[in-house]
Amino acid sequence: MNTGNTGPLDRSAPSPGAHAGPPPGCPAHAGGALPLYDKTFSADPRAAYEHLRRQGVAAPVELAPGVDAMLVTDHAAALRVLHSPELFAKDPRRWLALADGTVPADSPVVPMMMYRPNALFSDGAEHLRLRQAVTDSLDRIDPYQLRRFVERSSDYLVDQWAGTGRVDLLNHYAKTLPLLVFSELFGSPPELGDRLVAGIAGIFDAVGDAEAANTMLTGALVELVALKREQPGSDVTSWLMAHPNRLTDEEMIHQLVMLMSAGTEPQRNLIANGLRLILSDERFSASLFGGGASVEDALDEVLWTDPPMANYAVHYPVRDVDMSGVVLPRGTPVVISFAATNSDPALIAQGRRPSNRSHLAWSAGPHACPAKDSAWLIATAAIEKLLNRLPDLELAVPVAELDWRPGPFNRALTALPARFTPIAPRPAPTAEPVPARPATAPERPESGARKGGVWSSFLNWWRGQ
């Protein structure tokens with residue numbers, strides 16, 4: 001693979017199967033790296049993964065035009081990368097092609113891969129210090145209160161369109177619910193909520209002006225951290241701030257970027273992909289209310305077959321590493337394909353099935369997802385509550401007509417149209433405060449597109465105003 005760097009590394013070293021051309025319909029450039037950012041790949045990633053497996057445990061891909069990487073598709077090789085920090089670092093400052101300008105700073109994937117002083121992009125003692133602050137703060141979340149808040153958020157969202165009989169479950173439910181939940185968990189005032197999630201969405205799409213989205217996200221978090229320095233409360237932002245490991249404001253901002261990234265965009269995809277499976281597969285749709293397959297069973301299968309983060313966990317070899325005959329060059333992004341490793345034929349030969357939670361959707365090793373318990377609870381509660389409110393919910397189009405959003409990292413639908421028998425909305429709660437929310441400074445006047453945003457509307461509904 002050519003990263004555009006000069007030096008002694010042989011980036012054109014052949015790997016097993018590299019001579020084989022792509023199979024019919026496979027979205028690969030003839031003789032080159034396979035692009036992961038276009039509609040051809042998102043429409044049929046399994047064909048792409050099958051082609052990549054023929055080249056060995058890892059193969060060259062393009063994350064964006066001109067952004068080369070190696071994608072690991074073998075389960076055992078992925079575990080070796082994830083559990084070997086002495087060979088595979090997380091710090092993106094080791095990315096040679098970015099450092100020397102071969103990859104431009106405004107490339108759409110850079111905001112998802114660039115160095116930030118957070119637990120995701122650090123190694124060694126610094127990683128341990130930052131991760132401890134994150135995990136200790138997340139451990140303070142009350143799961144019962146979190147479930148209750150998810151259910152109230154679900155009721156609010158359903159009531160917005162309950163009488164219409166039709167809804168896009170992705171854009172009007174799965175996308176918005178994590179916004180409400182994480183605005184609450186982080187103690188975010190109304191005027192910041194929409195900006196936070198819009199910034200995260202722009203970064204994850206890896207198309208368009210990702211640099212502007214990154215600027216929007218950072219600016220909103222600067223305001224949030226400044227607010228919590230003045231008025232701490234009972235929320236994750238304040239708990240991080242008060243942790244004995246004494247995070248700086250810059251570190252605070254970047255831990256929050258990491259948590260927002262993990263808690264909003266992947267969360268919406270987990271909810272939407274779970275609903276897609278439940279509403280299209282008779283194993284779930286026919287038996288969910290008859291004591292058969294459960295929502296948890298469906299989410300387990302989604303994490304095996306369509307994990308919300310299909311390809312990520314970027315590592316950088318500290319030296320050239322030979323992985324079963326495939327050379328992973330020093331300073332080249334090595335991306336773990338959670339989707340491909342979960343469908344590794346070797347796992348099937350070993351008898352591992354979707355009921356077994358040995359998938360890699362949450363990653364593994366020292367950088368495994370620290371918030372998987374909360375993510376699992378949010379997705380489960382969101383789907384269960386929705387199906388209880390709308391028991392005859394069904395897809396409005398054949399499942400084969402659903403469209404997948406292009407991008408190298410996510411497995412994300414563009415829409416999930418559904419229909420149901422219209423129902424009357426429930427009355428708003430009366431005079432009940434939002435749980436675990438401290439008093440905050442008076443809200444600043446909002447203007448433009450943010451006036452009357454979803455978080456403000458939800459707060460008014462919750463308080464019965």
Side-chain angles (χ1 to χ4, degrees), residues 134 137-160 172-201 217 220-221 223-225 227-228 231-242 252 255-268 270-271 370-371 373-386 428-429 431-444 446 450 452-465:
V134 169
S137 299
L138 294 177
D139 285 346
R140 296 183 65 173
I141 297 173
D142 183 338
Y144 300 102
Q145 191 176 46
L146 177 59
R147 173 176 281 275
R148 181 171 174 271
F149 189 82
V150 172
E151 290 175 348
R152 281 295 180 95
S153 300
S154 174
D155 275 335
Y156 167 75
L157 294 174
V158 171
D159 287 342
Q160 307 309 300
H172 298 292
Y173 189 75
K175 180 178 180 179
T176 310
L177 190 142
L179 159 62
L180 299 178
V181 172
F182 278 84
S183 292
E184 165 65 15
L185 289 178
F186 289 6
S188 174
E191 70 272 16
L192 295 180
D194 288 344
R195 290 162 58 195
L196 291 174
V197 173
I200 285 291
L217 173 64
L221 289 174
E223 293 182 41
L224 179 60
V225 169
L227 174 65
K228 293 302 174 179
Q231 298 186 18
S234 180
D235 52 66
V236 172
T237 308
S238 300
W239 296 333
L240 271 172
M241 196 170 289
M252 281 290 308
Q255 304 331 295
L256 293 172
V257 169
M258 177 185 69
L259 291 172
M260 284 291 293
S261 299
T264 51
E265 186 77 7
Q267 188 76 62
R268 87 172 186 180
L270 179 58
I271 295 169
D373 291 340
S374 294
W376 180 264
L377 186 155
I378 292 167
T380 303
I383 295 175
E384 288 176 347
K385 183 67 173 179
L386 175 70
E432 182 177 353
V434 178
R437 284 300 298 271
T440 60
E443 295 173 11
R444 291 187 291 266
E446 296 179 291
R450 294 200 301 275
V454 64
W455 182 235
S456 299
S457 300
F458 173 73
L459 291 178
N460 289 337
W461 173 85
W462 185 290
R463 292 165 178 155
Q465 298 175 357

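Residue numbers run from 1 in the order of the sequence given.
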Nearest-0.5 Å distance that lies between atom OG in Ser374 and atom CZ in Arg147
12.0 Å
Is the backbone of Gly187 close enough, under 3.5 Å, to the side chain of Lys228 for a donor and an acceptor to pair up by distance?
yes
N/O donor-acceptor pair under 3.5 Å between Ser188 side chain and Ser183 backbone
no
Could you tell me which residues satisfy ring pair (Phe, Tyr, Trp, His ring centres under 6.0 Å) with Phe182, sequence neighbours excluded, listed by chain and number?
Phe186
List the atom of Ala174, the atom of Arg268, and the distance in Å for their closest heavy-atom pair.
O-CB, 3.1 Å
How many angstroms lie between atom OG of Ser154 and atom CD1 of Ile383, to the nearest 0.5 angstrom?
10.5 Å
Do the side chains of Pro189 and Leu224 get nearer than 4.5 Å, heavy atoms only?
yes
How far apart are the closest heavy atoms of Pro266 and Ser261, and which atoms are they?
CD-O, 2.7 Å
In the structure I gave you, are the side-chain heavy atoms of Leu185 and Leu146 within less than 4.5 Å of one another anywhere?
yes
Closest contact, heavy atoms only, Ala375 versus Gln267:
O-NE2, 3.0 Å
Provide the closest heavy-atom pair for Met241 versus Val225 in the form atom of the first, atom of the second, distance.
CE-O, 3.6 Å
In chain order, what residues pass the side-chain contact (heavy atoms from CB on, under 4.5 Å) check against Ala382, with sequence neighbours excluded?
Val150, Tyr173, Leu177, Ile271
Is the shortest side-chain heavy-atom distance between Leu259 and Leu138 below 4.5 Å?
yes
Student check: side-chain heavy atoms of Glu151 and Asp155 closer than 4.5 Å:
no
Keeping Ser238 on the side-chain end and Ser234 on the backbone end, is there a donor-acceptor pair under 3.5 Å?
no
Could you tell me the separation between the NZ atom of Lys385 and the CG atom of Leu157, rounded to the nearest 0.5 Å?
12.0 Å
The criterion is side-chain contact (heavy atoms from CB on, under 4.5 Å); which residues satisfy it with Asp142, sequence neighbours excluded?
Tyr144, Gln145
Measure the shortest side-chain to side-chain distance between Met252 and Thr237 over non-hydrogen atoms and say whether it is less than 4.5 angstrom.
yes
Measuring only between side-chain heavy atoms, which start at C-beta, is Glu384 closer than 4.5 Å to Thr380?
yes
Heavy-atom distance under 4.5 Å between the side chains of Asp139 and Trp239, does that happen here?
no
With a 4.5 Å cut-off on side-chain heavy atoms, are Leu179 and Thr264 touching?
no
